[in-house]
Asks: 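Next up is a structure, given as structure tokens.
Sequential numbering from 1 along the given sequence is applied to the chain's residues.
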Amino acid sequence: MNQTRTFLLLGLLLVAYLLWTGWEQQFNVPPAPPPPTASAGSLAPQASAAPTPVGAMPSMPVATAKAATPAATLLPGSGGAHGQRIAVHTDLLDVTLDTAGGALVQARLLKYAVAPEAAPRVSLLDDSANHYLVAQSGLVSNSAGAAPAVDAPFKAAHSSYTLAAGQKQLNVDLTWSDPAQGVAVIKRYTFTRGSYVVQVQEQVHNLGKTPWTGNAWTQLVRTAPPAPAASHFFFLHDPSEYYSFTGGSWYSPQDKFNKLAFDEFAKQPLLRTVQDGWVAFVQRYFVAAWIPARGGNAQFSSATFDVGGVPHYLLRSIGPAFSVAPGASITQRMSLFIGPKLEHALNAAAPGLELSVDYGIFTVISQPLHWVLVQLHRITRNWGLAIILLVVLIKAAFYWLSDKQYRSFAKMRKLAPRIKALQARYADDKPKMQQAMMELYQKEKANPVAGCLPMLVQIPVFFALYPVLIESVELRQAPFALWIHNLSAPDPYYVLPVLYAAVMLAQQMLTPAVGMDPTQAKIMKAMPILMAFFFAQFPAGLVLYYITNSVLGLLQQWYVTRQVMRADAAKTD
């Protein structure tokens, strides 16, 4: 096993891994969660915890696979049926509330631009036709008492609210009442400076003469995003878009993190009673998640339905039943996270929400690598330099293994002329040629496989860093130096892919091919060009990692080879 075969194996493994992850995101689906049971590992659904929703709230399945199709008026703003728009401005968010149901229908992230140096901010929540994602919450009564429907008209004291300088929190109250039934509801949104978590309270005031019983519910409704736009000359789409998952997700301490692809909403709908979990819609860099109050049971469910011929997807959480005595008040609390996938913000919002940064099967390795990368950025204040230093640390950690690998390559390089002579001598007798080569390896104490084993140990780290560089919102639109103004976008001038191809050529020249048939030799000669085209489509930060890793490997190989040659020369003298 020589260096060229190592590069061939590594390149093929990389291509296979990227194709597999892309296929998994596009076609593969997560297994359906097991049905709720009364075991200790999963909470059994109770009638009081999941009543049949009434009024304008769309009904959810209990044993059926698909919810009844609700009317278009169930969605805020659908069919032009808007209520009054309430604008809320904070240090991180520009939010729009709709008095029709008191829903949160728009949320712009002020720290994140749609494109570098562009004025438009990322709209994570939006009730427009092209990008529909809204967050709703409310109450449903399981008695004869009244409750506000999804599109019930709320009232607000002002049409605009602003978090003033020095102000820590901002409360926005929306009110609804039914004098005939003696029920009043205050929906309070609380925005906190420096936080992407919006606290939501449903305050129920029973002014009647009989107890009011019901449940609090939250839901996210969205349409599927358009297909990725064609962007590069080699691939039809940005490969990183295939890796990143966009769709529904949910979490519970028992079932951990689960994904629900859009095409699975109807096939394998969610119906699960959990405690201390959350439901969310995730995309590459951002997440919108409803987080029920901790300590109580909540039933998570999903549904799909059409509005005007457009499929809509719904994720809902229904809390446990509660009762309000006549003349009393009770407040139900929940929270909504709408923001970027920053690890510290996700950890502070809810347990398990950090898993929405989906590193896949390498999470156990990727999370520590991301932490180290963040610490290096705090030192360098440049994500490109942080990537380079991370590679240096990884190479230092595996220096001993790489040393063994390159010494094996150097020994094989020394034996290359003798191996070629054996191949020429026994060209017509393959078994005898293999026997002669094995005798040569035993005599010289060379192991052709020894160069591969250290590389196999490093492959998990090699692949674990790939999703870190793809999924980390910190690298989004982050500049590096010179012409690299965005580490999350491909190199605009393809300089980095060309440099990577040049390094591969240098590595091939340093270790001549040994024991390769003509087909393998042709593949190896074409590999630098193929990899250059391949990496031309990837974010510059990812290619920067590969270049740094290859350059350091090349330098170490050159150094080890020189050491081996000097040692052999000293023995000869």
Asks: Any donor and acceptor pair, going by atom type alone, linking the side chain of N297 with main-chain N or O of Q275 inside 3.5 Å?
Replies: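 Checking the backbone N and O of Q275 against the side chain of N297, no donor-acceptor pair under 3.5 Å is found.
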Asks: Taking all non-hydrogen atoms of both residues, which atom of V468 and which atom of S366 are closest, and how far apart?
Replies: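 Heavy-atom minimum between the residues: CG2-O, 3.4 Å.
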Asks: Is the NZ or CZ atom of K256 positioned over Y251's six-membered ring, under 6.0 angstrom from the centre and within 45° of the axis?
Replies: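 Pair K256/Y251 does not count as cation-pi.
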Asks: Taking atom OG1 of T96 and atom CG of L104, what is their separation to the nearest 0.5 Å?
Replies: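 Those atoms lie 8.0 Å apart.
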Asks: CH2 of W371 to CD of E343: how many Å apart, nearest 0.5 Å?
Replies: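 Reported to 0.5 Å precision, the distance equals 10.5 Å.
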Asks: So, for Q537 and P490, which heavy atoms are closest and what is the spacing to 0.1 Å?
Replies: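 Minimum heavy-atom separation between Q537 and P490: O-CG, 3.6 Å.
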Asks: May I ask you to check if K341 and Y285 form a cation-pi contact, with NZ or CZ under 6.0 angstrom from the six-membered ring centre and within 45° of the axis?
Replies: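 Verdict for Y285: no cation-pi partner in K341.
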Asks: If we ignore hydrogens and angles and just use 3.5 Å, is the side chain of S195 paired with the main-chain N or O of T192 as donor and acceptor?
Replies: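 Here the side-chain-to-backbone pair does not exist.
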Asks: Tell me every residue that passes side chain to side chain contact (heavy atoms under 4.5 Å, CB included) with Q201, counting only those two or more places apart in sequence or in another chain.
Replies: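 Side chain to side chain contact (heavy atoms under 4.5 Å, CB included) list for Q201, sorted by chain: R188, Q203, T331, R333.
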Asks: For S323 versus T213, what's the shortest heavy-atom pair and its separation?
Replies: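 Taking every non-hydrogen atom into account, OG-CG2, 3.4 Å.
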Asks: Is the shortest side-chain heavy-atom distance between V324 and S329 below 4.5 Å?
Replies: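 Counting from C-beta outward, V324 and S329 never come under 4.5 Å.
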Asks: Please test I387 against L373 for side chain to side chain contact (heavy atoms under 4.5 Å, CB included), starting from the C-alpha separation and ending with a verdict.
Replies: CA-CA 7 Å; I387 291 173; L373 184 64; 4.1 Å; yes
Asks: Going through the distances and angles, do L390 and V372 end up as a side chain to side chain contact (heavy atoms under 4.5 Å, CB included)?
Replies: CA-CA 7 Å; L390 179 61; V372 174; 3.7 Å; yes
Asks: Under 3.5 Å, is there a donor-acceptor pair between the side chain of Q167 and the main chain of Q169?
Replies: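 Present.
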Asks: If the condition is side chain to side chain contact (heavy atoms under 4.5 Å, CB included), which residues does F281 pass it with, not counting sequence neighbours?
Replies: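 Side chain to side chain contact (heavy atoms under 4.5 Å, CB included) list for F281, sorted by chain: L133, L220, R222, F262, F265, Y313, L315.
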Asks: Using atom types as modelled and distance alone, determine if a side-chain donor or acceptor of H312 lies under 3.5 Å from a backbone N or O of V310.
Replies: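 It does hold such a pair.
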Asks: Is the backbone of L110 close enough, under 3.5 Å, to the side chain of R121 for a donor and an acceptor to pair up by distance?
Replies: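 Between the backbone of L110 and the side chain of R121 there is a qualifying donor-acceptor contact (under 3.5 Å).
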Asks: Would you say V204 and F322 make side-chain contact, with heavy atoms under 4.5 Å?
Replies: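 Result yes, sub-4.5 Å side-chain heavy-atom pair found.
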Asks: Passes side chain to side chain contact (heavy atoms under 4.5 Å, CB included), F337 versus L346? Steps please.
Replies: CA-CA 8 Å; F337 182 92; L346 298 172; 3.7 Å; yes
Asks: Mind checking whether E474 and V374 have side chains closer than 4.5 Å, heavy atoms only?
Replies: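 Yes, side chains in contact.
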Asks: Side chains of S335 and Q199: any donor to acceptor distance under 3.5 Å?
Replies: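 Short answer, no.
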Asks: Sequence neighbours excluded, which residues qualify as salt bridge (charged side-chain N to carboxylate O under 4.0 Å, His left out) partners of D94?
Replies: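 Residues passing salt bridge (charged side-chain N to carboxylate O under 4.0 Å, His left out) with D94: R108.
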Asks: What's the shortest heavy-atom distance between A103 and Q136, and which atoms?
Replies: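 The answer is CB-CG, 3.9 Å.
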Asks: Do side-chain atoms of D98 reach the backbone of G83 as a donor and acceptor pair under 3.5 angstrom?
Replies: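 It does hold such a pair.
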Asks: Got a second to check how far Q268's CD is from S302's OG, nearest 0.5 Å?
Replies: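 Going from the CD atom of Q268 to the OG atom of S302 covers 10.0 Å.
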Asks: Is D255 paired with R272 through a side-chain N to carboxylate O contact shorter than 4.0 Å?
Replies: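 Result for this pair is yes, salt bridge flagged.
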Asks: Are N382 and H377 packed together at the side-chain level, in the sense that at least one heavy-atom pair is separated by less than 4.5 angstrom?
Replies: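 Not touching, per the 4.5 Å side-chain cut-off.
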Asks: Using a distance-only test with no angle check, is there a side-chain donor-acceptor pair under 3.5 angstrom linking H344 and E354?
Replies: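 The answer is no; no qualifying pair exists.
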Asks: On a heavy-atom basis, which atom in A288 and which in I338 lie closest, and how many Å separate them?
Replies: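 Scanning both residues, the minimum pair turns out to be CB-CG2, 4.0 Å.
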Asks: Would you say that P148 contacts W176 through its side chain, given a criterion of any heavy-atom pair below 4.5 Å between the two side chains?
Replies: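 They are in contact (side-chain heavy atoms under 4.5 Å apart), so the answer is yes.
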Asks: Show your reasoning for whether salt bridge (Lys or Arg N to Asp or Glu O under 4.0 Å) applies to K155 and D173.
Replies: CA-CA 8 Å; K155 295 180 181 180; D173 288 351; over 6 Å; no
Asks: Would you indicate whether the side-chain heavy atoms of L93 and V88 approach each other to under 4.5 Å?
Replies: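 Result no, sub-4.5 Å side-chain heavy-atom pair not found.
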Asks: What are the two closest heavy atoms between L125 and A135, and how far apart are they?
Replies: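 Shortest heavy-atom separation between L125 and A135 comes out as CD1-CB, 4.2 Å.
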Asks: Does T99 use its side chain to pair, donor to acceptor, with the backbone of G102 at less than 3.5 Å?
Replies: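 Not at all, since once roles are kept as given, no pair shorter than 3.5 Å links the two residues.
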Asks: Check for a donor-acceptor pair, side chain of D178 on one end and backbone N or O of G182 on the other, with a separation under 3.5 Å.
Replies: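 No, because the side chain of D178 does not come within donor-acceptor range (under 3.5 Å) of the backbone of G182.
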Asks: How many angstroms lie between CD in Q283 and OG in S244, if you round to the nearest 0.5 Å?
Replies: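 So the gap between those two atoms works out to 10.0 Å.
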Asks: Quick one: does any side-chain atom of Q477 pair with a main-chain N or O of A113 as donor and acceptor, under 3.5 Å?
Replies: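 Yes, Q477 side chain to A113 backbone: donor-acceptor pair under 3.5 Å.
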Asks: Test R316 against V279 for side chain to side chain contact (heavy atoms under 4.5 Å, CB included), laying out the working first.
Replies: CA-CA 7 Å; R316 174 181 296 141; V279 292; over 6 Å; no
Asks: With heavy-atom distances below 4.5 Å as the criterion, would you say the side chains of V122 and R476 are in contact?
Replies: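 They are in side-chain contact.
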Asks: Atom CG of L92 and atom OH of Y196: how far apart are they, to the nearest 0.5 Å?
Replies: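 If we round to the nearest 0.5 Å, L92:CG and Y196:OH are 4.5 Å apart.
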Asks: So L542 and Y466, do their side chains get closer than 4.5 Å, heavy atoms only?
Replies: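 In short, these two side chains touch, coming nearer than 4.5 Å.
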Asks: Mind checking the NE2-CG spacing from H370 to L469? Nearest 0.5 Å is all I need.
Replies: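 It is 9.5 Å, given to the nearest 0.5 Å.
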Asks: Hey, which of V197, N171, L163, V95 is the one that makes side-chain contact (heavy atoms from CB on, under 4.5 Å) with F191?
Replies: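 Per the side-chain contact (heavy atoms from CB on, under 4.5 Å) rule, the option paired with F191 is V95, out of V197, N171, L163, V95.
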Asks: Are the side chain of N215 and the backbone N or O of G319 linked by a donor-acceptor pair below 3.5 Å?
Replies: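 Yes; at least one donor-acceptor contact below 3.5 Å.
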